[in-house]
Amino acid sequence: MLKGTGVSKGIGIGHTKVLKNEEVKLTDFKVDNRENELEFFKKCLNDVIDDTKKVTEKLSGTESDIMNAYLMILQDPTLTSEAERLIKEEGYNAGYATKVGFETVEEVFKNMDDEYMSARASDIQDIKQKVLNKIVNKAELDLSNLPENTILVSEDLSTSDTAKLNLKSIAGIIIEKGSENSHVSIMARTHEIPAIVGAKNIVKKLTNDEYIAMNGSTGEIFENPTQEEIDNLTKIQKDLKTEKENLSKFIKRKSITKDGYKTEVVANIGTPKDMDAVIANGAEGVGLFRSEFLYMDSDSMPTEDQQFEAYKEVLERAEGKRVIVRTLDIGGDKDLKYMNLDKEDNPFLGYRAIRICLREPEIFKVQLRALLRASVYGKLAIMLPMISSIDEIRDAKKIIEEVKEELKAKKIKFDKNVKVGIMIEIPSAAIMAEELAKECDFFSIGTNDLIQYTVAVERGNEKISDLYTKFHPAVIRLVKMAIDGAHKSKIFCGMCGEAAADERYIPILVGLGLDEFSMNPTKMLSARKMIRSLNHKECKKLAQEVLKMSSAKEIKARLEEYKNSL
Ligand code: PEP
Ligand code: MG
């Protein structure tokens, strides 16, 4: 049996769609359905037109004139007539037709005597490349037309690819790379899609349209499952459903321990559509809105208005509960193709998140304006990612104040009490927590990154994933420093890394005094159930005991034992 690591529980049964990098070839082949292929070609061309229009709108003067001329070529029917003919009359695939069709036009332009016109050949070449990029991307990743119950099999799924998926038809995800904390795993858990990562060579082993089953807890993959296997898996599926129904009684309950220690269980989200799950699972607020998903879900920078609408929707749906929106956290494993960020040898240590926002304040200010404008629709808090020093907080707050002044001057309303907090996800921030707490309104500990930076293990690297552990005593000590630092300044300290939802970890977090647990909406009810079963005084003792331990293995074993004793 094939196997990987289960990272999102649930049973998937269906047919595979294997995404192979080499699958899309720009060679000629004939298609069965010419109409569909022509539609596909036109869709790709229109996407390029839309992208170009968006870019052009922002320009002025000569630049705008140049782009408008480019747009005219792009929309001229003579540009596409040969490509369309190749598809319609000869049945070629869109990629080949684009290449050959556009090159024919390019040749005509090149041979023109008029210097200006012959120079336009390079525009056509450029357009051709853009359309081909769309074709290749779409053919690989436009999964909107997949049949129901598709199990997606891929070497990897980048965060931006993940953001574009149409999840409704997906019964499961299996990937070769990744880990529990890759963004694809986080997304799968939010949407309750069974997922397996680290399935070695799976892309080679499986072919398209194979009937398979998978278990997102155990990581098992069943090729051509027998009836007995299907029966077993269906039974597990039913049990999971019953478990979910039993948890529903915690939807309206408080997140409070048996001896009265109050906490909050709130949600991590990536897009406004995640609010369905947030509401269905009784969140006490949103502890982390990963705003970068808005950027990754788009082919160009989302405008201020687009962002405003998204934040407003989330704030309104939260009905007065606190919504913490994290400002753009791009870089590292989260790429934004249209930003054309330079390739770096160590992207996790490089140009990312707040570092970009402070160096490119025009990008930051668009987001801050959108956030502040939306703040009148609910209880907004702004969170700054990847803070490594006090100066970054000061610089960011200065920009926030500038934006507030601009809005005031324009008489645009915003909530003057919007809180500003920071992620504690870099060891230097945890170590300096006491000082940083004086400069902000709250902390949220991002263990996903804090672990990788503390133990120097990349979060998505499956080869060394055994070393990437929240049970490392250094990580636990940094968590304690962050919580204590926050409490000294009487600000709250939450946690929005995946560790906040781990039932082995929750008791020690309660013992250390964590105020807010932010997690995938689907995990909130079991976390709340667990918190309600705990005794704060006992958890404090447990925390004291664990803080004296020095081996991650022993700490893990002790916390597992404690959980099982409950
Ligand atoms: C974290 O690092 O723990 C975190 C919540 O942020 P992200 O996973 O988006 O990097
Ligand atoms: Mg992070």
Side-chain angles (χ1 to χ4, degrees), residues 7-8 157-160 162-163 178-190 197 265-271 274 285-297 323-336 347-357 381-388 392 421-430 442-461 465 468-470 472 475-476 478-479 482-483 493-502 505 509 514 516-521 523-524 527:
V7 288
S8 177
L157 274 181
S158 72
T159 312
S160 53
T162 307
S179 73
E180 194 189 345
N181 295 299
S182 315
H183 283 91
V184 60
S185 310
I186 295 172
M187 179 282 299
R189 288 194 288 273
T190 305
V197 300
V265 173
V266 295
N268 288 354
I269 63 167
T271 71
D274 294 345
V286 172
L288 169 65
F289 179 174
R290 289 184 163 96
S291 70
E292 56 276 7
F293 277 78
L294 297 178
Y295 291 72
M296 291 186 292
D297 218 353
V323 173
I324 301 180
V325 181
R326 180 175 70 187
T327 58
L328 182 62
D329 183 17
I330 215 68
D333 56 341
K334 291 176 257 185
D335 187 23
L336 260 193
F348 281 110
L349 303 183
Y351 192 54
R352 54 175 308 196
I354 196 71
R355 300 167 183 188
I356 297 181
C357 288
I382 295 175
M383 179 154 71
L384 309 168
M386 298 309 261
I387 290 290
S388 65
E392 285 167 331
I422 62 166
M423 298 271 307
I424 301 283
E425 53 187 341
I426 296 181
S428 61
F442 64 91
F443 284 168
S444 187
I445 306 172
T447 43
N448 305 345
D449 279 311
L450 185 63
I451 298 169
Q452 77 164 347
Y453 292 127
T454 304
V455 294
V457 176
E458 193 190 311
R459 63 196 267 182
N461 190 333
S465 59
Y468 178 96
T469 170
K470 53 188 158 269
H472 196 294
V475 174
I476 294 173
L478 289 174
V479 168
I483 298 173
C493 183
M495 178 178 283
C496 57
E498 293 294 294
D502 189 323
Y505 218 61
L509 293 175
L514 194 78
E516 179 229 48
F517 295 73
S518 192
M519 61 192 70
N520 248 277
K523 292 197 168 170
M524 292 189 308

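If you're wondering where the values come from, they're calculated on a predicted model, not measured in any experiment. Numbering of ligands and ligand atoms starts at 1, following listing order. The figures here come from the full heavy-atom set of this structure, side chains too, leaving out hydrogens, waters and symmetry mates.
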J.: Is there a donor-acceptor pair closer than 3.5 Å between any side-chain N or O of E425 and the backbone N or O of D449?
T.: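 Pair absent, no side-chain N/O of E425 close to backbone of D449.
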
J.: Given 3.5 Å as the limit, does a donor-acceptor pair link the side chain of Y468 with the main chain of V455, or not?
T.: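 A pair under 3.5 Å: no.
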
J.: For K334, counting its heavy atoms only, list the atoms of ligand 1 lying under 4.0 Å from any of them.
T.: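 The atoms of ligand 1 under 4.0 Å from a heavy atom of K334 are 7 (P), 9 (O), 10 (O).
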
J.: With a cut-off of 2.8 Å, does any N, O or S atom of E425 fall short of it relative to the Mg ion (ligand 2)?
T.: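 Yes, E425 qualifies, because one of its backbone or side-chain N, O or S atoms lies under 2.8 Å.
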
J.: At less than 4.0 angstrom from any non-hydrogen atom of L288, what atoms of ligand 1 do you find?
T.: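 Those qualifying, in numeric order: 5 (C).
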
J.: Of all the atoms in ligand 1, which lie at a distance below 4.0 Å from a heavy atom belonging to C496?
T.: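 So the atoms of ligand 1 that pass are 5 (C).
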
J.: Check R459 against ligand 1 and report side chain, backbone, both or neither, counting heavy atoms closer than 4.0 Å.
T.: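 The answer is the side chain of R459.
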
J.: Indicate yes or no: does an N/O atom of E498 lie under 3.5 Å from an N/O atom of ligand 1?
T.: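 Looking only at distances, the answer is no, because the N/O contact criterion of under 3.5 Å is not met.
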
J.: Are any of the side-chain heavy atoms of K523 and D502 separated by less than 4.5 Å?
T.: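 With C-beta onward as the side chain, the pair stays apart.
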
J.: Just jot down the ligand 1 atoms closer than 4.0 angstrom to any heavy atom of M423, in number order.
T.: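 Counting atoms of ligand 1 from 1, those under 4.0 Å from M423 are 4 (C), 5 (C), 6 (O).
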
J.: Can you tell me if R189 uses its side chain to pair, donor with acceptor, with the backbone of V7 under 3.5 Å?
T.: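 The answer is yes, because a donor-acceptor pair under 3.5 Å joins these two groups.
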
J.: Counting only heavy atoms closer than 4.0 Å, does ligand 1 sit against the backbone of R326, its side chain, both, or neither?
T.: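 For R326, only side-chain atoms sit under 4.0 Å from ligand 1.
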
J.: Give the numbers and elements of all ligand 1 atoms closer than 4.0 Å to a heavy atom of E425.
T.: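 Selected atoms, number and element: 1 (C), 2 (O), 6 (O).
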
J.: Does D329 reach the main-chain N or O of E292 with its side chain, forming a donor-acceptor pair under 3.5 Å?
T.: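 Flag not set: sc D329 to bb E292 has no pair under 3.5 Å.
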
J.: Treating S428 as the side-chain partner and S388 as the backbone partner, does any N or O pair qualify as donor plus acceptor under 3.5 Å?
T.: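 Yes, S428 side chain to S388 backbone: donor-acceptor pair under 3.5 Å.
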
J.: Are side-chain heavy atoms of H472 and V457 found at a separation under 4.5 Å?
T.: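 No, side chains not in contact.
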
J.: Looking only at heavy atoms, which two atoms of P385 and L328 are closest? And how far apart?
T.: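 Smallest heavy-atom distance, with atoms named: CG-O, 3.8 Å.
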
J.: Under a 4.0 angstrom heavy-atom cut-off, which atoms of ligand 1 come close to R290?
T.: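 Here the atoms of ligand 1 in question are 4 (C), 5 (C), 6 (O), 7 (P), 8 (O), 9 (O).
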
J.: Taking just the N, O or S atoms of D449, which one is nearest to the Mg ion (ligand 2)?
T.: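 Result: OD2.
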
